[in-house]
Amino acid sequence: MTNAMPPWDGNVAKARRLQTELAAQVRLVDDYPPLKHVAGVDVGFEESGAVTRAAAVLIDAQTMAPVAEVVARQATRMPYIPGLLSFRELPALLQALSELPQVPDLVFVDGHGVAHPRRLGIAAHLGVISGLPTIGVGKSILVGVHEEVGPHRGDRQPLEYKGEVIGCVLRSKDRIRPLIVSPGHRVSMATAPELVLAFGRKYRLPEPTRLADRLASQRGTVRR
DNA sequence: GCGACAG
DNA sequence: ATCTTGTCGC
């Protein structure tokens, strides 16, 4: 792991400069290893936002069955600022990831990869500082425009920003609102959507993110 | 200057 | 993200 997360000092301009530096380290090439285990990570909040709750789920790439689950809690350090999401959620996410019994071969992150103003969404940021292959799976667009996407699972359209393709809008399920998929690190622009389709089928979200999402938001658990 | 704006 | 029940549709 290269850098750790710098403490939040309220300096937005400085944070943006750091993103630009780290974005230069992103590698959009498929050099991830054979997939034995993949992980899904997501963040939720407790105590009206005072506590950040990060969840990591390790999944067997063959059976798609969960092998391990981890929940890490940390005091929330900064507010949500569009474009700077990783500075708020990465600390807890890194802790949860480090507590998994096995290092995953690929990580699905809830949020964007390079589909970001400075090409460093939370998935790309996590990839660069952990060195792990990552893919960003978002539910809505931060930046970029695209043409209408076909109605069936697998249909897609490139997401463009300032004349460049930064990701793809992918229909993961017939007639269901498409996902915004973009590579984070060590995965190519073309492979990212294929992996999302490969790890999902009956739900809108791919299994790794769906399970992490449930864990992070307290849902799949006892709640009344 | 006026909006837009991942989770 | 979070506050929240039932309800419409595949």
Side-chain angles (χ1 to χ4, degrees), chain A residues 5 8 12-13 15-16 19 22-23 26 40-56 71-94 96 107-128 134-146 151-153 159-162 166-185 192 196 200-206 208-224:
Chain A
M5 285 303 294
W8 178 243
V12 173
R16 295 208 248 246
Q19 291 185 316
L22 296 176
V26 168
V41 296
D42 188 22
V43 165
F45 296 88
E46 300 177 350
E47 307 302 317
S48 302
V51 174
T52 297
R53 173 195 172 97
V71 171
R73 272 172 256 258
Q74 284 186 17
T76 302
R77 310 179 186 185
M78 72 172 275
Y80 165 67
I81 299 175
L84 299 184
L85 179 69
S86 60
F87 289 82
R88 171 177 161 89
E89 306 189 342
L90 225 37
L93 226 42
L94 289 169
V107 183
F108 284 76
V109 185
D110 190 355
H112 300 301
V114 299
H116 176 280
R118 289 166 294 286
R119 309 296 192 277
L120 196 81
I122 190 168
H125 198 159
L126 172 59
V128 167
T134 61
I135 290 181
V137 179
K139 295 180 283 296
S140 63
I141 294 173
L142 172 58
V143 291
V145 296
H146 66 89
H152 302 110
R153 167 182 161 80
L159 179 65
E160 297 179 28
Y161 181 61
K162 293 185 174 176
I166 60 174
C168 105
V169 184
L170 174 72
R171 189 84 67 182
S172 55
K173 200 173 180 310
D174 286 3
R175 298 289 181 165
I176 295 302
R177 188 151 57 95
L179 294 175
I180 315 305
V181 179
S182 62
H185 187 52
V196 167
R201 166 61 78 175
K202 40 189 305 193
Y203 299 96
R204 182 188 182 215
L205 296 173
T209 23
R210 190 180 72 84
L211 295 178
D213 201 57
R214 285 157 58 85
L215 234 197
S217 58
Q218 201 76 295
R219 261 170 291 169
T221 319
V222 281
R223 182 177 180 182
R224 193 69 302 208

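Computed from a predicted model, the values in this text were never measured in an experiment.
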Asks: The side chain of Glu89(A) lies closest to which of these nucleotides: dA6(B), dT2(C), dG7(B)?
Replies: dG7(B)
Asks: Starting at CG of Leu205(A) and ending at C1' of dA6(B), how long is that distance when rounded to a whole Å?
Replies: 14 Å
Asks: For the pair His116(A) (side chain) and Gly83(A) (backbone), establish whether a donor and an acceptor sit closer than 3.5 Å, ignoring hydrogens and angles.
Replies: yes
Asks: Rounding to a whole Å, what distance do you find between Leu179(A):CG and dG7(B):C1'?
Replies: 15 Å
Asks: Can you tell whether the side chains of Asp42(A) and Arg214(A) come within less than 4.0 Å, N to carboxylate O?
Replies: no
Asks: What does Gly121(A) touch in the nucleic acid at a heavy-atom separation under 4.0 angstrom: a base, only the sugar-phosphate, or nothing?
Replies: base
Asks: Is the backbone of Arg77(A) close enough, under 3.5 Å, to the side chain of Arg88(A) for a donor and an acceptor to pair up by distance?
Replies: no
Asks: Take the protein atom CG of Leu84(A) and the nucleotide atom C1' of dA4(B), then report the distance between them rounded to whole Å.
Replies: 15 Å
Asks: Tell me the interatomic distance from Tyr161(A), atom OH, to dA6(B), atom C1', rounded to whole angstroms.
Replies: 13 Å
Asks: Do Leu205(A) and Ser172(A) make a side-chain contact, defined as non-hydrogen atoms from C-beta onward lying under 4.5 Å apart?
Replies: no
Asks: Expressed in angstrom and rounded to an integer, what is the separation of Arg88(A) atom CZ from dC5(B) atom P?
Replies: 19 Å
Asks: In whole angstrom, what separates His146(A)'s NE2 from dA6(B)'s P?
Replies: 14 Å
Asks: More than 12 non-hydrogen atoms from neighbouring residues, nucleotides or ligands closer than 6.0 Å to CD on Glu47(A), yes or no?
Replies: no
Asks: Would you mind reading off the distance between His152(A) atom NE2 and dC10(C) atom P, rounded to a whole angstrom?
Replies: 13 Å
Asks: Determine the contact category for Ile122(A): base if any of its heavy atoms lies under 4.0 Å from a base atom, sugar-phosphate if only primed atoms, P, OP1 or OP2 are that close, otherwise nothing.
Replies: base
Asks: Could you check how far CG of Asp110(A) sits from C1' of dA1(C), rounded to whole Å?
Replies: 10 Å
Asks: Stacking between Tyr80(A) and dA1(C), defined as ring centres under 5.5 angstrom apart with planes under 30°, is that present or not?
Replies: no
Asks: Any side-chain N or O of Lys173(A) less than 4.0 Å from the OP1 or OP2 oxygen of dC10(C)?
Replies: no
Asks: Output yes when at least one side-chain N/O atom of Ser140(A) is less than 4.0 Å from OP1 or OP2 of dG7(B), else no.
Replies: yes
Asks: Give one of base, sugar-phosphate or nothing for Gly136(A), where a contact means two heavy atoms less than 4.0 Å apart.
Replies: nothing
